[in-house]
Undergrad: 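I am attaching a structure below and will ask some questions about it afterwards.
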Amino acid sequence: MPVVLVALLAIAGFIWWSWGRKRAGDEVSYRLDKLLFRRKPCKWQPTGNGKGALNEFRCDTCGVSAYSRSAKGPVDCKRNLRGGL
């Protein structure tokens, strides 16, 4: 019985990992990752480039570039945002 339970858990984990994360969308997977995989918070460093009132920042932790009006940088991590029109 324990072998069957472990096999079912392994199958469910595989389905969640391969299919569920792709279908669920960015927000749900981001929230699950936030609960399951604790990541270091972003450390924003100004790059000196800016456009108008926005200043460009680069994260030392994940390497993502983002813009903010604040001198401290963005509040949230931008690594899960995908560009495109």
Undergrad: Which other residues belong to the hydrophobic cluster containing Val75, where Ile, Leu, Val, Met, Phe, Trp and Tyr are joined when side-chain heavy atoms lie under 4.5 Å apart, directly or via other members?
TA: none
Undergrad: Taking all heavy atoms of Arg69 and all of Asn55, pick out the closest pair and write down the distance.
TA: O-ND2, 4.4 Å
Undergrad: Roughly how far, to the nearest 0.5 Å, is the SG atom of Cys59 from the CD atom of Gln45?
TA: 9.0 Å
Undergrad: What residues, two or more places apart in sequence or in another chain, satisfy side chain to side chain donor-acceptor pair (under 3.5 Å) together with Ser65?
TA: Arg58
Undergrad: Please report the shortest heavy-atom distance between Pro74 and Tyr67, naming the atom on each side.
TA: CG-O, 4.0 Å
Undergrad: Enter the distance from Trp44:CH2 to Ser70:OG here, rounded to the nearest 0.5 Å.
TA: 11.5 Å
